[in-house]
Amino acid sequence: MRNYKKATAWSLILSTVFLASGCGSSTSSSNVTEKPQESAKANVSAAPAASSQPQGSKLTGDFEIQYFVGGYGDAWWKQAIADFQKQNPDLKIKESAGPKINDQMKPRWLQGNPPDFVYIDGAGSNTRQMVADDQLMDITDWLKDAKNVDGKKITDLLIAQPEEYKPGKAYAIPLVFGSWGTFYDKALFKSKGWQAPEDFESFLALGDKIKAEGNMSPYIHTGVYPYYINGGLLDPTIIAMNNYDTSIFKRINSLEKGVWKSEPVMKSLAEIVQMRDKGFIDKGSPALNHTDSQSQWLQHKAAFIPTGIWVESEMAKDVPAGFEFGFLPSIGQSKGGKFVANPYTATVAIAKKSKNPEAAKAFVQFIFTEKQSKAWAELSKAPSNIKADLEGTNAPALTKEAAKFYNSPNTVVAPEIVIPEELVTARNNATIALTKGEITPEQWADRMEEATDKVRAKEKK
């Protein structure tokens, strides 16, 4: 999924892989778990018998795993770690996990005392920034020939290959495959006689009807976490406005001067302004976090929301009876244009200052298997980044809905925007200011160019 030419291949792969859903942030314990967990009880119907550990020296000593607990939950992690522990009884495994684990562990990373293995996901985590800060191990040479516990080459099993944060170098491996988009209640639309929009023109027309009813906003977003509106609305629109040429994301990732002021970006920002000025965006959006805004959307206080396919799993306890999740990869394309799917991956990595790198590598070999891909699908309700035939797994309806788009020739799959944390923050702040009417698109672009200049200068040092 690194360029447009691979979109067709991606669709074929996803026809079998994209059969489960979930990502983002949710809740579990916010505490740091210090002891190995017992295997989670689950019916992983598609998983074959456990693979045996490859021959080699016995793993011993302390081994610490850090993982964020969000919309995917922690059931898979607990089961995978417990199974890994059983195969390595002389290894003392410590789990550092929770929805706030990124903030809790940050001081240790800064002090040079990190865990051995890290799952990079959720607020406060950024793979590119960790690479820039020299916190992750260069696994380029090892990964080239690394095989999993089943004897299969790991890179051959990956849907999305590792991002090259530095030319020719690998520091992290994508474990999760998800997607941003715009979501709605299909049951509500059926009852109202509304048709899901296929482009920005039809979205605006429907928005006028929704607003005229007076009891719900056309659109709500997670203002506290504006990367939701960036990922679900702005980014796919940029690709559409660039005539579906996905290389503009490569220009953004390479910090190209002037890219934030390019025509595709400015046209995309203009659409957000149009939505704002028509009163389509819920006025409470800037003060809400992701779960609050999603709760209001589930209660039909808003018709559309930008989020990820993990939303069904994340909000499972709050979904009203009869609610039917609907998914649109994008809404910003021009009439007659294609949909644009904006993917989201979450990576795993080994700390450069890992005290037990051999155990960390062995854990990578243990989890990057078809068995674990199926287990992830069952327990996390999400597609992993590992190729596997998930037929027979319990696929949520939302994932099946999303798969229809990914398998369609009318959908272009974009690469990811992977920018340093300073730029993520700058973009989030600029987008919020834009939706509130505090700045113009030109000022948004000025902010981003200035922030990018600073990052570019810093990276040259």
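All values reported here derive from a predicted model rather than from experimental measurement.
- Using a 3.5 Å distance cut-off with no hydrogens or angles, the side chains of E163 and T127 do not pair a donor with an acceptor.
- N253 places a side-chain N or O within 3.5 Å of a backbone atom of V418 that can act as its donor or acceptor partner.
- At a threshold of 4.0 Å, the pair D453-K257 counts as salt-bridged, since one of the basic side-chain nitrogens sits closer than that to a carboxylate oxygen.
- Within the 3.5 Å criterion, the main-chain N or O of N356 finds a donor-acceptor partner in the side chain of S354.
- N243 places no side-chain N or O within 3.5 Å of a backbone atom of D245 that could act as its donor or acceptor partner.
- In this structure, F200 and F203 have parallel ring planes: the angle between them is below the 30° cut-off, well short of the 60° mark.
- Put simply, the side chain of S334 reaches to within 4.5 Å of the side chain of M241, judged on heavy atoms.
- Note that CG of L434 is 9.0 Å distant from CG of L234, once rounded to the nearest 0.5 Å.
- At least one side-chain heavy atom of L233 sits less than 4.5 Å from a side-chain heavy atom of M275.
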Can K371 and D83 be said to form a side-chain contact (heavy atoms from CB on, under 4.5 Å), step by step?
-> CA-CA 12 Å; K371 171 196 171 183; D83 290 346; 4.2 Å; yes
Can you list the steps and then say if V348 with F363 is a side-chain contact (heavy atoms from CB on, under 4.5 Å)?
-> CA-CA 11 Å; V348 295; F363 189 61; over 6 Å; no
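- When every heavy atom of Q294 is checked against every heavy atom of M315, the shortest pair comes out as NE2-SD, 3.2 Å.
- Considering only heavy atoms from C-beta on, Y184 stays 4.5 Å or farther from T182 through its side chain.
- In this structure, CD1 in I81 is found 4.0 Å from CD1 in I65, a value given to the nearest 0.5 Å.
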Y165 vs Y171, ring-ring contact (aromatic ring centres under 6.0 Å, His included): CA-CA, chis, key distance, verdict = CA-CA 8 Å; Y165 299 98; Y171 294 87; 7.4 Å; no
Using the side-chain contact (heavy atoms from CB on, under 4.5 Å) rule, take K166 and V131 through it: C-alpha gap first, then chi angles, then the decisive distance, then the call.
-> CA-CA 8 Å; K166 293 182 180 179; V131 171; 4.1 Å; yes
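- No side-chain donor-acceptor contact under 3.5 Å links Q129 to the backbone of P420.
- The closest donor-acceptor contact from the side chain of Q365 to the backbone of K147 lies under 3.5 Å.
- The 12-atom threshold is exceeded at NZ of K278, counting heavy atoms of other residues, nucleotides or ligands nearer than 6.0 Å.
- Side-chain contact between T155 and Q161: present, with at least one pair of heavy atoms (C-beta onward) separated by less than 4.5 Å.
- In the displayed structure, Y225 atom OH is contacted under 6.0 Å by at most 12 heavy atoms of other residues, nucleotides or ligands.
- The one candidate from D292, L288, I281 that meets the side-chain contact (heavy atoms from CB on, under 4.5 Å) condition with I220 is L288.
- Contact between P441 and V273 at its shortest, heavy atoms only, is CG-CG2, 3.7 Å.
- Looking at F84 and L91, their side chains come closer than 4.5 Å, going by heavy atoms from C-beta outward.
- The side-chain heavy atoms of K338 and Q333, taken from C-beta on, include no pair separated by under 4.5 Å.
- Here the closest heavy-atom approach between residue W444 and residue V265 is recorded as CZ3-CG1, 3.8 Å.
- Taking the salt bridge (Lys or Arg N to Asp or Glu O under 4.0 Å) definition, one finds that K153 meets it with nothing, sequence neighbours left out.
- S408 and N410 form no side-chain donor-acceptor contact under 3.5 Å, judged by distance and modelled atom types alone.
- Between the side chain of T435 and the main chain of I432, a donor-acceptor pair closer than 3.5 Å is present.
- Ring geometry, F183 versus W297: the interplanar angle exceeds 60°, so the pair is classed perpendicular (tilted spans 30 to 60°).
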After noting the C-alpha distance and the side-chain angles of F405 and V413, does the key distance pass the side-chain contact (heavy atoms from CB on, under 4.5 Å) rule?
-> CA-CA 10 Å; F405 286 100; V413 180; over 6 Å; no
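- Looking only at distances, no side-chain donor or acceptor of N88 sits under 3.5 Å from a matching main-chain atom of L59.
- Sequence neighbours left out, the pairs with a member in residues 348-358 that pass salt bridge (Lys or Arg N to Asp or Glu O under 4.0 Å) are D134-K352.
- A donor and an acceptor atom, one from each side chain of S373 and S384, are located under 3.5 Å apart.
- Side chain of S330 to backbone of G332: no donor-acceptor contact under 3.5 angstrom is found.
- One distance of note links CG of L143 with CG of L158; it measures 7.0 Å at 0.5 Å rounding.
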Walk me through it: do W76 and Y67 pass the test ring-ring contact (aromatic ring centres under 6.0 Å, His included)?
-> CA-CA 11 Å; W76 178 82; Y67 62 90; 8.6 Å; no
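- Rounding to the nearest 0.5 Å places CG of N242 at 6.5 Å from CZ of R251.
- For R128, the salt bridge (Lys or Arg N to Asp or Glu O under 4.0 Å) partners are E459, not counting sequence neighbours.
- Residue D103 holds its CG atom at 10.0 Å from CZ of F68, rounded to the nearest 0.5 Å.
- Within the 3.5 Å criterion, the main-chain N or O of T345 finds a donor-acceptor partner in the side chain of E416.
- The minimum heavy-atom distance linking I386 with T369 is given by the pair CG2-O, 3.6 Å.
- In this structure, the side chains of P114 and R108 stay at 4.5 Å or more apart for every pair of heavy atoms.
- Nearest heavy-atom pair across I120 and S125 is CG2-CB, 3.7 Å.
- I419 approaches L423 most closely through the heavy-atom pair CD1-CB, 3.7 Å.
- Listed for the N342 side chain is a donor-acceptor partner under 3.5 Å among the backbone atoms of G231.
- Taking 4.5 Å as the limit, every side-chain heavy atom of W180 sits out of range of all side-chain heavy atoms of D235.
- Note: W77 CH2 to I367 CD1 = 5.0 Å, rounded to the nearest 0.5 Å.
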